[in-house]
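Data block below; observations after.
Everything numeric here is computed off the predicted structure, so don't read it as measured data.
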Amino acid sequence: MSDKIRATIKDAVENNDVVLFMKGTKETPQCGFSNAVVNILSFMNVDFKDINVLDNDDLREGIKIFSDWPTIPQMYLKGEFVGGCDIIQDMYKSGELSLVLKSKNISHS
């Protein structure tokens, strides 16, 4: 991974409370897994930064190296990697996602 891609990812993760690296955008997700996470965050009224990995192949591969996680989407909360679609869905269903958001003082409903 190039230093530029690493810096881009690090900047996004450190300067946004909630970041979703996804295929497509929050307005037009380009895969079912990204869409599922967008729907959860939207339903919970979580303001988040979306980063479309389809715009840049280096970014798409770089985020997998950065997080040591093989799939997309990937969500970060206040600089901490949380997981992908399955993990976010499980956290949402169990109520854990709301607890984590609250513990990090991230506004949601």
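Annotation for Gly62 and Ile9: closest pair C-CD1, 3.7 Å, computed over non-hydrogen atoms. Of all non-hydrogen atoms in Ser67 and Gln74, the two that sit nearest each other are OG-OE1, 2.7 Å. Looking at every heavy atom in both residues, Phe43 comes nearest to Ser109 through O-OG, 4.1 Å.
Between Lys10 atom NZ and Thr8 atom OG1 the span is 12.0 Å, to the nearest 0.5 Å. Residue Lys102 holds its NZ atom at 12.5 Å from OG of Ser107, rounded to the nearest 0.5 Å. Atoms SG and CG, from Cys85 and Asp90 in turn, are 9.0 Å apart once rounded to the nearest 0.5 Å. Taken to the nearest 0.5 Å, the CD1 atom of Ile40 stands 7.0 Å off from the CG atom of Leu97. Separating the CG atom in Leu59 from the CE atom in Met1 is a distance of 9.5 Å, to the nearest 0.5 Å.
Of the possible donor and acceptor atoms, none in the side chain of Ser34 sits under 3.5 Å from a partner among the backbone N and O of Gln30. Between the side chain of Asn16 and the backbone N or O of Val19 there is no donor-acceptor pair closer than 3.5 Å. Put simply, the side chain of Ser103 gets close to the backbone of Val100: a donor and an acceptor are under 3.5 Å apart.
Atom NZ of Lys104 sits in a crowded spot, with more than 12 heavy atoms from other residues, nucleotides or ligands closer than 6.0 Å. Heavy-atom contacts from other residues, nucleotides or ligands closer than 6.0 Å to CZ of Phe81 number more than 12.
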Determine, step by step, whether Ile5 and Asn56 satisfy the side chain to side chain contact (heavy atoms under 4.5 Å, CB included) criterion, reporting the C-alpha distance in whole Å, the side-chain angles of both residues, the deciding distance to 0.1 Å, and the verdict. CA-CA 10 Å; Ile5 291 295; Asn56 183 322; 4.0 Å; yes
For Asp50 and Glu27, run side chain to side chain contact (heavy atoms under 4.5 Å, CB included): C-alpha distance rounded to whole Å, both residues' side-chain angles, the deciding distance at 0.1 Å, then the answer.
CA-CA 9 Å; Asp50 57 334; Glu27 292 82 18; 4.1 Å; yes
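Under the 4.5 Å side-chain criterion, counting only non-hydrogen atoms from C-beta, Asn45 is not in contact with His108. Between Leu101 and Val46, the closest side-chain pair of non-hydrogen atoms falls below 4.5 Å. When side chains are defined from C-beta on, Leu20 does not count as touching Lys26, because their heavy atoms never get closer than 4.5 Å. Looking at heavy atoms from C-beta onward, Asn105 lies in side-chain contact with Lys78 at the 4.5 angstrom threshold. With contacts defined as side-chain heavy-atom distances shorter than 4.5 Å, the pair Phe21/Phe66 does not qualify. Between Ile63 and Tyr76 the shortest side-chain heavy-atom distance falls below 4.5 Å. Two residues are said to be in side-chain contact when any heavy atoms from C-beta on lie closer than 4.5 Å; Ile72 and Arg60 meet this criterion. Two residues are said to be in side-chain contact when any heavy atoms from C-beta on lie closer than 4.5 Å; Met75 and Leu41 meet this criterion.
The residue from Ile51, Asn52, Val37, Val38 that alone fulfils the side chain to side chain contact (heavy atoms under 4.5 Å, CB included) condition with Met22 is Val38.
The hydrophobic clustering, which links ILVMFWY residues whose side-chain heavy atoms are closer than 4.5 Å, places Phe48 and Tyr92 together.
For residues 64-76, the set of pairs meeting the salt bridge (Lys or Arg N to Asp or Glu O under 4.0 Å) definition, not counting sequence neighbours, comprises Glu61-Lys64.
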